[in-house]
There are 2 protein chains.
Amino acid sequence: MKRRRTYVCGLDAAFGVVGGKWKALLLWELDQGVRRFGELRRALEGISEKMLIQQLREMEHDGLVHREVFREVPPRVEYSLTDFGRSLNKAMEPLGDWGEEHKARIEALHL
Amino acid sequence: MKRRRTYVCGLDAAFGVVGGKWKALLLWELDQGVRRFGELRRALEGISEKMLIQQLREMEHDGLVHREVFREVPPRVEYSLTDFGRSLNKAMEPLGDWGEEHKARIEALHL
DNA sequence: TCCGATTCTTACCTTTTGGTGAGTACCCGA
DNA sequence: TCGGGTACTCACCAAAAGGTAAGAATCGGA
């Protein structure tokens, strides 16, 4: 999602960093624990490698995700949430609960 | 934002209805009170009429927004939140607070 | 020597989203 | 008769997001 230069309110700013199709899902998955690239790819069914890296890089740049490279062969890279990322995930919990509660209704809308 | 047919978690479902560039802002604005079309257009600086209607229609379809037409001349249409819409807005409050708290940091990222 | 595993990287293309500008319909008042 | 105000609607185009598929680098093991 293209960013605004300035945000009109907090919600707007928050959507600046978790907007798009995959970031909220990544945040949730990484909140469960440290994950390797391949694990994330398998966890987010349907994501392409290109998108996965792109999103991870942006989240790293935004300070939500920490990336650690182990110089092994084959290469190993581990992704985890920073404190900042964890705080965001926590702030999204009520929204997740709301969605859980109304999931069926929302899915029924476009059948 | 294009919808998934099914959602993998509650957060995913919630993003299904508030995803995109404008809906969260509209929800917030309508939570302040009943608004006419023109008022919303002026409140969401930069939105085009086409986008505004499109988003409002989708939110109406999703049961978040109520639309009431007054058969007057010139025409008057009032938009307001449904209970469902208000419950969603409430669930987003912590996220809004988080964004408010970190707004400066987030804006500073892409300068 | 060739294959497999893993994490990317790149070029190219399609789909989706968003913007522009014009037009419609209505009635009122100047 | 003409312009103004309101809430759209439409056709067309541009920008952004997202997908596909191929390739690169590395080393160990068959």
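Keep in mind the model is a prediction, meaning the values are calculated, not measured. Letters A, B, ... are given to chains in the order of the sequence lines, protein chains preceding strands, and every chain is numbered from 1.
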Counting side-chain heavy atoms from C-beta on, which of [options] comes nearest to [X]?
| X | options | answer |
| --- | --- | --- |
| A:F37 | D:dA7, D:dG5, C:dC8 | C:dC8 |
| A:R57 | D:dC27, C:dC8, C:dT7 | C:dC8 |
| B:Y79 | C:dC26, D:dC8, C:dC8 | D:dC8 |

* Does the side chain of B:R36 get closer than 4.0 angstrom to OP1 or OP2 of D:dA7 through an N or O atom? ->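 Yes.
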
* Asked: Does A:R67 make a side-chain N or O approach to OP1 or OP2 of C:dC8 shorter than 4.0 Å?
  ->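 Answer yes for this pair, as a side-chain N or O of A:R67 is under 4.0 Å from OP1 or OP2.
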
Gap between atoms [atom1] and [atom2], on [X] and [N] respectively (whole Å):
| X | N | atom1 | atom2 | result |
| --- | --- | --- | --- | --- |
| A:R3 | D:dA17 | CZ | C1' | 14 Å |
| A:L44 | D:dG19 | CG | C1' | 15 Å |
| A:L52 | C:dT9 | CG | P | 12 Å |
| B:I53 | C:dT17 | CD1 | P | 18 Å |
| A:R41 | C:dT6 | CZ | C1' | 8 Å |
| A:R71 | C:dT6 | CZ | P | 18 Å |
| B:R42 | D:dT6 | CZ | C1' | 10 Å |
| A:R76 | D:dC27 | CZ | P | 17 Å |

* To do: May I ask you to check whether B:F15 and A:W22 place their ring centers less than 6.0 Å from one another?
  =>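 Not close enough - the centres of the two rings lie 6.0 Å or further apart.
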
* To do: Using the test side chain to side chain contact (heavy atoms under 4.5 Å, CB included), find all partners of B:K21 that sit at least two apart in sequence or belong to another chain.
  =>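 B:K21 satisfies side chain to side chain contact (heavy atoms under 4.5 Å, CB included) with A:R4 only.
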
* Within a radius of less than 6.0 Å around CD of A:E45, do more than 12 heavy atoms belonging to other residues, nucleotides or ligands occur? ->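 12 or below, so no.
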
Heavy atoms only: give me the nearest [X]-[Y] pair and the separation to one decimal.
| X | Y | result |
| --- | --- | --- |
| B:H102 | A:S87 | NE2-OG, 4.4 Å |
| B:R86 | B:D31 | CG-OD1, 3.6 Å |
| A:V34 | A:E39 | O-OE1, 4.1 Å |

* Give a yes or no answer on whether the side chain of A:R41 reaches the backbone of A:L52 with a donor-acceptor pair at less than 3.5 Å. =>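 Flag not set: sc A:R41 to bb A:L52 has no pair under 3.5 Å.
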
Below 3.5 Å is the cut-off: list the nitrogen or oxygen pairs between protein and nucleotides 18-25 of chain C, distance only.
from, atom 1, to, atom 2, distance (Å)
C:dG18, N7, B:K50, NZ, 3.4
C:dG19, OP1, B:K21, NZ, 3.3
C:dG19, N7, B:K50, NZ, 3.0
C:dG19, O6, B:K50, NZ, 2.1

